[in-house]
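Down below is the structure, laid out as structure tokens.
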Amino acid sequence: QMQLVESGGGLVQAGDSLRLSCAASGRTISRSSMGWFRQAPGKEREFVAASSWTGRNTYYADSVKGRFTISRDNAKNTVYLQMNSLKPEDTAVYYCAATSRLESGSSYYTYYGDYDYWGQGTQVTVSS
């Protein structure tokens with residue numbers, strides 16, 4: 001089993017930056033594809049960003065492309081989401097997710113059903 005704990009959320013103003021962290025325990029993330037999702041009040045959970053286990057392949061939702069960056073430090077068992085130029089529409093609970101399979105070096109996933117482990121989420125609120 002893998003446990004994921006997100007941190008780094010908070011209340012910021014539009015245009016500010018935040019870096020979310022997702023610390024894993026229980027098993028290594030080094031062969032897992034990792035993803036970030038978010039859920040705003042009254043909305044479905046939506047894909048934000050994903051990374052292959054090598055970190056060489058990443059993918060972003062159009063709404064965050066060019067502003068957010070996913071990265072990972074497998075040695076620290078941690079994944080990050082750098083969020084720049086934040087907008088009020090980025091306000092949501094952000095969740096980290098991991099797959100349990102031994103992934104190929106290029107695999108990443110945008111569908112929440114492909115992920116097996118989830119964190120409890122961290123709130124990001126962006127004021128205008």
Side-chain angles (χ1 to χ4, degrees):
Q1 285 287 346
M2 181 186 293
Q3 293 76 44
L4 300 172
V5 178
E6 302 94 336
S7 62
L11 172 62
V12 297
Q13 293 188 329
D16 286 350
S17 298
L18 277 176
R19 188 175 83 152
L20 305 184
S21 298
C22 172
S25 62
R27 57 178 283 177
T28 178
I29 67 168
S30 61
R31 289 299 302 273
S32 294
S33 299
M34 302 294 295
W36 286 95
F37 290 75
R38 66 187 181 186
Q39 187 166 18
K43 294 189 176 181
E44 297 286 319
R45 187 171 299 193
E46 66 171 353
F47 167 77
V48 175
S51 170
S52 63
W53 76 261
T54 61
R56 287 197 292 267
N57 297 85
T58 58
Y59 190 79
Y60 299 90
D62 287 343
S63 59
V64 307
K65 201 172 295 182
R67 300 188 298 122
F68 290 12
T69 302
I70 186 172
S71 62
R72 58 194 296 162
D73 186 336
N74 290 340
K76 293 184 178 179
N77 234 25
T78 302
V79 177
Y80 306 97
L81 185 68
Q82 178 66 44
M83 305 187 296
N84 298 331
S85 302
L86 283 161
K87 304 175 181 180
E89 50 263 45
D90 295 320
T91 295
V93 177
Y94 283 72
Y95 297 91
C96 173
T99 63
S100 63
R101 301 171 293 279
L102 295 179
E103 302 286 354
S104 72
S106 60
S107 297
Y108 56 80
Y109 304 94
T110 63
Y111 175 55
Y112 70 89
D114 287 317
Y115 292 88
D116 304 291
Y117 304 112
W118 292 85
Q120 83 291 347
T122 186
Q123 176 71 47
V124 172
T125 303
V126 185
S127 63
S128 56

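Put simply, CG on Leu4 and SG on Cys22 are 4.5 Å apart, with the number rounded to the nearest 0.5 Å. The distance from atom OG of Ser32 to atom CG of Asp116, rounded to the nearest 0.5 Å, is 8.5 Å. To the nearest 0.5 Å, atom CD1 of residue Ile70 and atom CE of residue Met83 are 12.0 Å apart. The line from CG of Asn84 to CZ of Arg67 is 9.0 Å long, rounded to the nearest 0.5 Å. Note that the CZ atom of Phe47 and the CZ atom of Arg38 stand 11.0 Å from one another [nearest 0.5 Å]. We find the OG1-CE distance between Thr78 and Met34 to be 9.0 Å, quoted to the nearest 0.5 Å.
A 4.5 Å side-chain heavy-atom check between Tyr95 and Arg45 finds at least one atom pair inside the cut-off. Side chains of Ile29 and Met2 form a contact here, defined as non-hydrogen atoms less than 4.5 Å apart. Val48 is listed as a side-chain neighbour of Leu81, based on a closest heavy-atom distance under 4.5 Å. Side chains of Trp36 and Phe68 form no contact here, defined as non-hydrogen atoms less than 4.5 Å apart. With contacts defined as side-chain heavy-atom distances shorter than 4.5 Å, the pair Val93/Thr122 does not qualify. Taking the side chain as every heavy atom from C-beta outward, Leu20 and Glu6 never approach each other to under 4.5 Å. By the 4.5 Å heavy-atom criterion applied to side chains, Ser52 and Ser107 are not counted as neighbours. Looking only at side-chain heavy atoms (C-beta outward), Tyr117 and Gln1 come within less than 4.5 Å of each other.
Checking each of Tyr60, Trp53, Tyr115, Tyr59 against Tyr108 for a ring-ring contact (aromatic ring centres under 6.0 Å, His included) leaves exactly one that passes, namely Tyr59.
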- Evaluate the criterion side chain to side chain contact (heavy atoms under 4.5 Å, CB included) for residue pair Ser100 and Arg27; output intermediate values, then yes/no. CA-CA 9 Å; Ser100 63; Arg27 57 178 283 177; 3.9 Å; yes
- What do the steps show when you test Val126 against Asp16 for side chain to side chain contact (heavy atoms under 4.5 Å, CB included), and what is the final call? CA-CA 8 Å; Val126 185; Asp16 286 350; over 6 Å; no
- Message: Would Cys96 and Trp118 count as a side chain to side chain contact (heavy atoms under 4.5 Å, CB included) here? Give the steps.
- Response: CA-CA 6 Å; Cys96 173; Trp118 292 85; over 6 Å; no
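Side-chain N or O atoms of Thr54 include one that pairs as donor or acceptor with a backbone N or O of Gly105 at under 3.5 Å. Side-chain atoms of Ser33 do not come within 3.5 Å of backbone N or O of Thr99 as any donor-acceptor pair.
Within 6.0 Å of NZ in Lys65 there are more than 12 heavy atoms belonging to other residues, nucleotides or ligands.
Both tests pass for Arg101 against the ring of Tyr109: distance under 6.0 Å to the centre and angle within 45° of the axis. Geometric assessment of Arg72 against the ring of Tyr80 yields a negative cation-pi assignment under the 6.0 Å and 45° thresholds.
For Ala92 against Ala40, the heavy-atom pair with the smallest separation is CB-N, 3.8 Å. Residues Pro88 and Ala14 share a closest heavy-atom pair of CD-CB, 4.1 Å.
In summary, the side chains of Gln123 and Thr125 do present a donor paired with an acceptor at a separation below 3.5 Å, with no hydrogens or angles considered. Donor-acceptor pairing under 3.5 Å is lacking for the side chains of Ser30 and Asn74.
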